[in-house]
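Structure record follows, encoded as structure tokens.
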Amino acid sequence: MRDMSQHSSFRRRATRLITSGAVVATGLLVLSACSTGAEEGGDSEYGFAAAEQVADSPITVWVDASREPAVTAFQEAYPDIDVVLETYDGNAGGSGSFQSKISLMDQAGDGWPDVVFSTQQNDAIWASKDTPNGEAGFAAPLNKGFIEQDFLDGFAAGSLDYATIDDTVYGLRNDLAQTVFYYNQKLLDEFGYEVPTTWEEYAELGDQLAAEHPGYILGSMGDSFMTYVYYGGSESPVFQSPEAGVFHSDTSDENAQKISEIIDGMLENGTLVQDSFFSAEFAANYADKLVGVPGPVWYTGAIFQGGLATPAGEIGVAPPLSWEGGDVAAGNVGGGIWYASRHSENLEAVKTFLEFVTSADEFQVEASSGYPAYTSAAEKWLDKQAEAGYFVNDDFKTVMSDAANQIWSGWNVTPWSPETAWAKVVIPGMAEGETVVSLLPAWQTELENEATVNGYTVE
């Protein structure tokens, strides 16, 4: 068991390491929502009106399957803290399951989990708000006395912005999700190809690969988070909130049209497929045929070291693709967030859990598939990849950390996700043989409909 002095040591690690420090999208709108009454109970030790505390009571933790190792690591480090693990979909693809489940518990007035992990970045918007019956929202304020500022300062600059409303932090970022370009050096050498640096070169490589080595691929469009990879990464203004309560989408924009034409061309020649990266079919069919792919840094563990089991010494990491003559612009593909419940009866255990899973080596360095948002853990995570000799290029640490500073600020966080409209409109359309270009107006309409449902003005 880890003793509390050890626990205090990692809680206090707040030194920013610039080489690992990933600055998340600059220019993001500061989230704003109706006050949750965060100042209520401000004179309590937690900074909010807490439930009556019950010492040593169990804490219930909701996670997706990928975060189960976090709970396992915590249980091994703190066997005296009773944790009830419950798995759910992690709110993947903007499913809304987190909010819908909590809404039912709000109505019942009982049953809330103590900690929830969500793959989405927009949950603080609803989870911080008072319920319709006037009760305080689900998410506990974290920076009003509950968690020390020196611990919060240990996160990469800007990484807590997504869960910050009116200067109150409601969630802790698990990992960063800046995009880079992964390539298989072994296959590039075999085929005599160079790593593409622009979207235009990526498309040209697709044409060449299809003609000379059919069956080999440069990615997949089978997951709804591809919206962030291809449209966020290509600076396409299809998901913007220029000011609070306002939504803007323009799929007729030149960049949106160009990237869609590239996608269509690569779908037609077979270098983009429609299998999910996480499907057994993708691993079986393309484990040794993925020549290169744009994607978030968490592909390292989740895709290459995970489902594809690509051995060390084959994969390289290049900067995000850009348009010819344009600036490098990374997409931002997730980066999950941990939330604490205001309703918890064991906030000390919750605090210990949150600090452990976001910063401790046992999970973030040893078991996490993603690039940690906590800077000291990120440095060690990168060192681990270097020690293993996993990447072929010596500068992969610089490439990954630089990409975190290159995230395009043109997309914003809203109560809904671009993934749901994409999954509803574009993925089925592609499966039926329709072009992405032809589906863009319907995608925009669905995005605007979702904005209206959420009370936004569409401009």
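Everything numeric here is computed off the predicted structure, so don't read it as measured data.
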Derivation and outcome, side-chain contact (heavy atoms from CB on, under 4.5 Å), residues Trp422 and Ile427: CA-CA 6 Å; Trp422 182 269; Ile427 288 181; 3.6 Å; yes

Qualifying residues under side-chain hydrogen bond (donor to acceptor under 3.5 Å, both in side chains), relative to Gln444, sequence neighbours excluded: Thr251, Glu448

Residues forming a side-chain hydrogen bond (donor to acceptor under 3.5 Å, both in side chains) with Asn454, sequence neighbours excluded: none

Heavy-atom donor-acceptor pair, Trp411 side chain to Ser236 backbone, under 3.5 Å: yes

Check: Thr358 side chain, Leu172 main-chain N or O, donor-acceptor pair, under 3.5 Å: no

Spatial distance of atom CD (Gln99) from atom CG (Asn122) [nearest 0.5 Å]: 9.0 Å

Partner residues of Ala203 under the side-chain contact (heavy atoms from CB on, under 4.5 Å) criterion, sequence neighbours left out: Ile262

Sole candidate of Arg67, Glu355, Arg173 that passes side chain to side chain contact (heavy atoms under 4.5 Å, CB included) when paired with Trp338: Arg67

Donor-acceptor contact present, side-chain Glu459 to main-chain Val246, <3.5 Å: no

Worked verdict on Val291 versus Leu209 for side-chain contact (heavy atoms from CB on, under 4.5 Å): CA-CA 9 Å; Val291 177; Leu209 185 64; 3.9 Å; yes

Least distance between heavy atoms, Trp381 atom then Gln364 atom: CD1-O, 3.4 Å

Donor-acceptor contact below 3.5 Å, side chain Asp175 vs main chain Pro372: no

Asp394 atom CG: more than 12 heavy-atom contacts under 6.0 Å: no

Closest non-hydrogen atom pair between Pro294 and Tyr230, with its separation: CG-OH, 3.6 Å

Side chain proximity check, Val61 to Val84, heavy atoms < 4.5 angstrom: no

From Gln274 atom CD to Ser279 atom OG, the distance as rounded to the nearest 0.5 Å: 12.0 Å

Phe151 ring center within less than 6.0 Å of Tyr374 ring center: yes

N/O donor-acceptor pair under 3.5 Å between Ser341 side chain and Asp114 backbone: no

Asn91 side, atom CG; Ser417 side, atom OG - distance, nearest 0.5 Å: 9.0 Å

side-chain hydrogen bond (donor to acceptor under 3.5 Å, both in side chains) involving Thr131 - partner list, sequence neighbours excluded: Asn133

Where Ala124 and Tyr170 come nearest, the two heavy atoms and their spacing: CB-CB, 4.3 Å

Check: Phe98 ring centroid to Tyr339 ring centroid under 6.0 Å: yes

Aromatic centroids of Tyr216 and Phe191 separated by under 6.0 Å: yes

Aromatic ring proximity Phe277/Tyr299, centre distance under 6.0 Å: yes

side-chain contact (heavy atoms from CB on, under 4.5 Å) evaluation trace for Leu290 with Asn184: CA-CA 7 Å; Leu290 183 59; Asn184 188 306; over 6 Å; no

Those residues that, when tested against Asn269, pass side-chain contact (heavy atoms from CB on, under 4.5 Å) (two or more places apart): Asp207, Ala210, Met266, Thr271

Pairs flagged by salt bridge (charged side-chain N to carboxylate O under 4.0 Å, His left out) wherever residues 314-323 is involved - sequence neighbours left out: Lys186-Glu314

Nearest-0.5 Å distance that lies between atom CZ in Phe117 and atom CD1 in Ile337: 8.5 Å

Set of salt bridge (charged side-chain N to carboxylate O under 4.0 Å, His left out) partners for Lys289, sequence neighbours left out: none

Under 3.5 Å donor-acceptor, Glu200 side chain and Glu324 backbone: yes

Shortest non-hydrogen separation from Ala283 to Leu308 and the atoms involved: CA-CD2, 3.9 Å

Output field: ring centroids Trp298/Phe225 closer than 6.0 Å: yes

Pair Thr300, Tyr182: side-chain N/O donor-acceptor within cut-off below 3.5 Å: yes

More than 12 heavy atoms of other groups within 6.0 Å of Glu194 CD: no

Closest non-hydrogen atom pair, Pro69 against Phe363: C-CD1, 4.0 Å

Validation row, ring centre Phe138 to ring centre Trp112 under 6.0 Å: no

Salt bridge (charged side-chain N to carboxylate O under 4.0 Å, His left out) involving Asp395 - partner list, sequence neighbours excluded: none

Test item: side-chain donor near acceptor, Gln385 and Tyr371, under 3.5 Å: no

Exceeds 12 heavy-atom contacts within 6.0 angstrom, atom CD of Glu254: no

Trp416 ring center near Phe247 ring center (under 6.0 Å): yes

Asn393 side chain vs Ala318 backbone, donor-acceptor pair below 3.5 Å: no

Under the side-chain contact (heavy atoms from CB on, under 4.5 Å) test, residues paired with Val437 that sit two or more places apart: Gln257, Ser260, Glu261, Asp264, Thr435

Separation of Lys129 NZ from Ile165 CD1 (nearest 0.5 Å): 8.0 Å

Donor-acceptor contact present, side-chain Asp223 to main-chain Asp275, <3.5 Å: no

Donor-acceptor contact below 3.5 Å, side chain Ser401 vs main chain Thr398: yes

Residues forming a side-chain contact (heavy atoms from CB on, under 4.5 Å) with Glu268, sequence neighbours excluded: none

Closest non-hydrogen atom pair between Val328 and Gln406, with its separation: CG1-OE1, 3.5 Å

For Asp288, all residues meeting salt bridge (charged side-chain N to carboxylate O under 4.0 Å, His left out), sequence neighbours excluded: none

Ring centers of Tyr231, Trp443 separated by less than 6.0 Å: yes

Ring-face cation of Lys258 near Trp323 (centre distance under 6.0 Å, axis angle within 45°): yes

Backbone of Gly331 reached by a side-chain donor or acceptor of Thr179 within 3.5 Å: yes

Separation of Gln107 CD from Ile102 CD1 (nearest 0.5 Å): 12.0 Å

Those residues that, when tested against Asn449, pass side-chain hydrogen bond (donor to acceptor under 3.5 Å, both in side chains) (two or more places apart): none

